[in-house]
Enquirer: 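Below is a structure I'd like to ask you about.
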2 protein chains.
Amino acid sequence: MSPKGDPPISVIKRLPVYLRVLDNLVKRDIEVVSSKTLSKETGFTAEQIRKDLAFFGAFGTRGTGYTTNYLREIILRIIGLDKQTNVAIIGAGHLGTAFARYNVRENPYTNVVGLFDVSPDIVGDEVEGVPIYHLNELEDVIKHERVQVGVITVPAVHAQEIVNRLVEENVNAILNFAPATLNAPENVRIHNVDLTIELQSLIYFARDQIDEGETD
Amino acid sequence: MSPKGDPPISVIKRLPVYLRVLDNLVKRDIEVVSSKTLSKETGFTAEQIRKDLAFFGAFGTRGTGYTTNYLREIILRIIGLDKQTNVAIIGAGHLGTAFARYNVRENPYTNVVGLFDVSPDIVGDEVEGVPIYHLNELEDVIKHERVQVGVITVPAVHAQEIVNRLVEENVNAILNFAPATLNAPENVRIHNVDLTIELQSLIYFARDQIDEGETD
DNA sequence: GGATGTGAATTGGTTCACAGCA
DNA sequence: TGCTGTGAACCAATTCACATCC
């Protein structure tokens with residue numbers, strides 16, 4: 001049946017893409033989809049999609065494809081989005097508030113319970129219905145709201161300190177936007193998104209193209 | 001000397017991390033650094049760091065390490081950050097403006113020349129000194145300001161249309177924040193950053209931890 | 001017939017182990 | 001001696017090819 005040990009992280013990162021496409025298909029009342037169609041909609045190869053899904057079981061029908069809504073629910077369960085996940089965003093600057101708005105509006109599967117900041121100008125305000133707490137209240141709110149995921153959008157110098165506080169409160173999944181290398185115990189999962197890195201690594205390829213254009 | 005063909009993309013994505021650390025070291029007047037120290041500061045293994053750098057040449061001194069400022073300049077040149085890169089941000093919503101502010105303030109190596117939007121409420125405004133143009137002006141500004149990189153922060157339904165317009169103007173490096181699968185010619189490089197995907201794939205691991213905690 | 005599910009082959013990336021040099 | 005640079009060994013991930021089943 002479903003084989004091997006843990007699924008590789010590369011597979012896990014593709015699941016939300018499948019979910020996004022399946023959400024669309026369900027909305028458009030398309031009831032069955034082949035790995036070939038999913039390939040066109042996701043940009044991944046059909047074989048890869050079948051292998052990815054096969055990690056968790058056999059959900060398709062040979063000769064037909066996958067039932068969109070069924071597959072969608074399977075993936076929700078695999079990721080863990082069938083149960084509510086509570087998220088805290090630490091840092092209510094432009095990036096933190098943008099992230100909050102984006103997820104409250106576009107991401108029905110997670111629940112942003114609060115933003116945290118130290119600036120008296122904004123503590124007490126709301127962003128898209130989400131309260132901005134003072135950073136002092138972090139531990140209390142994590143406990144009361146049962147926060148499972150922390151999102152760090154504070155300046156790099158303060159990021160490690162926030163990680164330590166989150167870990168102390170048993171928040172072991174952290175999304176970090178600060179340009180810093182963070183340390184945490186083995187069992188804590190940190191995903192780093194560094195906007196500068198994304199932009200800079202892209203510039204490598206932009207330059208390439210220009211060079212090619214100039215060559216010859 | 002520097003071997004093999006093209007460097008793998010995984011190497012390219014680590015270069016900006018080295019750059020960030022080297023910037024810090026240079027600021028702290030540390031003149032020499034070993035791959036072991038770089039390992040601690042970046043989270044990558046020392047062997048990997050040496051291999052990465054070896055792709056582009058031999059920049060270290062055996063028995064000593066790397067000269068921080070020299071290595072920094074080498075990496076700047078490899079990425080292409082020694083010359084100015086002009087960036088346009090399409091979509092001046094919360095995410096677009098946050099990205100603009102972030103890069104204007106924190107990223108000295110790139111130059112955000114403009115934001116673009118269709119909302120009359122904000123067209124004509126400035127964000128951190130960067131003008132917000134009407135989307136109609138996109139092609140003109142790209143030509144005049146010699147834009148090499150486009151950043152897409154528009155809603156998913158409009159993203160493909162923007163890609164087409166950028167490609168038409170020979171912008172062949174695109175950073176896409178819209179949750180959509182985009183099509184472009186082979187020679188155009190698109191990096192996707194999907195904030196929902198990052199959050200959702202993290203939730204997979206948050207759930208794991210809870211399960212483990214509950215087991216036995 | 002047509003699409004899934006999967007072993008086998010291949011490719012790509014990382015780690016190991018050590019030779020080479022200041 | 002100490003740290004870089006790199007071939008070899010290893011491991012992970014993707015692609016290929018096809019048997020399997022509706």
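Labels below follow one simple rule: chain letters A, B, ... track the order of the sequence lines, proteins then strands, and each chain is numbered from 1. Both backbone and side-chain heavy atoms feed into the values below; hydrogens, waters and symmetry mates do not.
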Enquirer: Could you state the interatomic distance from CZ (B/Phe116) to CD1 (B/Ile152), rounded to the nearest 0.5 Å?
Expert: 12.5 Å

Enquirer: Let me spell it out: for each of A/Val11 and A/Thr64, pick the nucleotide of DNA chain D with the closest heavy atom. Which residue's pick is nearer the 5' end?
Expert: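 Per heavy-atom nearest nucleotide, the more 5' residue is A/Val11.
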
Enquirer: Whether B/Lys13 and A/Glu198 form a salt bridge (side-chain N of Lys/Arg under 4.0 Å from carboxylate O of Asp/Glu) is what I want to check.
Expert: yes

Enquirer: Where along residues 20-38 of chain B does a heavy atom come under 4.0 Å from DNA chain C, residue by residue in number order?
Expert: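 None, since no heavy atom is under 4.0 Å.
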
Enquirer: List the residues meeting side-chain contact (heavy atoms from CB on, under 4.5 Å) with A/Val32, not counting sequence neighbours, and say none if there are none.
Expert: A/Thr64

Enquirer: Would you indicate, yes or no, if C/dT15 has its OP1 or OP2 atom less than 4.0 angstrom from a side-chain nitrogen or oxygen of B/Thr45?
Expert: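 Yes, B/Thr45 has a side-chain N/O under 4.0 Å of OP1/OP2 on C/dT15.
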
Enquirer: When rounded to the nearest 0.5 angstrom, what distance separates OG1 in B/Thr45 from NZ in B/Lys51?
Expert: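 Answer for the OG1-NZ pair, B/Thr45 versus B/Lys51, is 10.0 Å.
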
Enquirer: A/Gln48 side chain: which of D/dT6, D/dT15, C/dC21 is closest?
Expert: D/dT15

Enquirer: Between C1' on C/dG13 and CD1 on B/Ile49, what's the gap in Å once rounded to a whole number?
Expert: 15 Å

Enquirer: Please determine whether any donor N or O and acceptor N or O are separated by less than 3.5 Å between the side chain of B/Lys51 and the base of C/dT15.
Expert: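 Side chain to base: pair present.
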
Enquirer: Which of the following nucleotides, D/dT14, C/dC16, C/dT6, is nearest to the side chain of B/Glu47?
Expert: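 For the B/Glu47 side chain, the nearest candidate turns out to be C/dC16.
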
Enquirer: Show every salt bridge (Lys or Arg N to Asp or Glu O under 4.0 Å) that has at least one partner inside residues 163-177 of chain A, sequence neighbours left out.
Expert: A/Glu139-A/Arg165, A/Lys143-A/Glu169

Enquirer: Are there over 12 heavy-atom neighbours, none belonging to B/Glu128, within less than 6.0 Å of that residue's CD?
Expert: yes

Enquirer: Closer than 4.0 Å, any side-chain N/O of B/Tyr66 to the OP1 or OP2 of D/dG5?
Expert: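 Indeed, a polar side-chain atom of B/Tyr66 lies that close.
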
Enquirer: Measuring to OP1 and OP2 of D/dC18, would you say a side-chain N or O of A/Arg50 lies under 4.0 angstrom away?
Expert: no

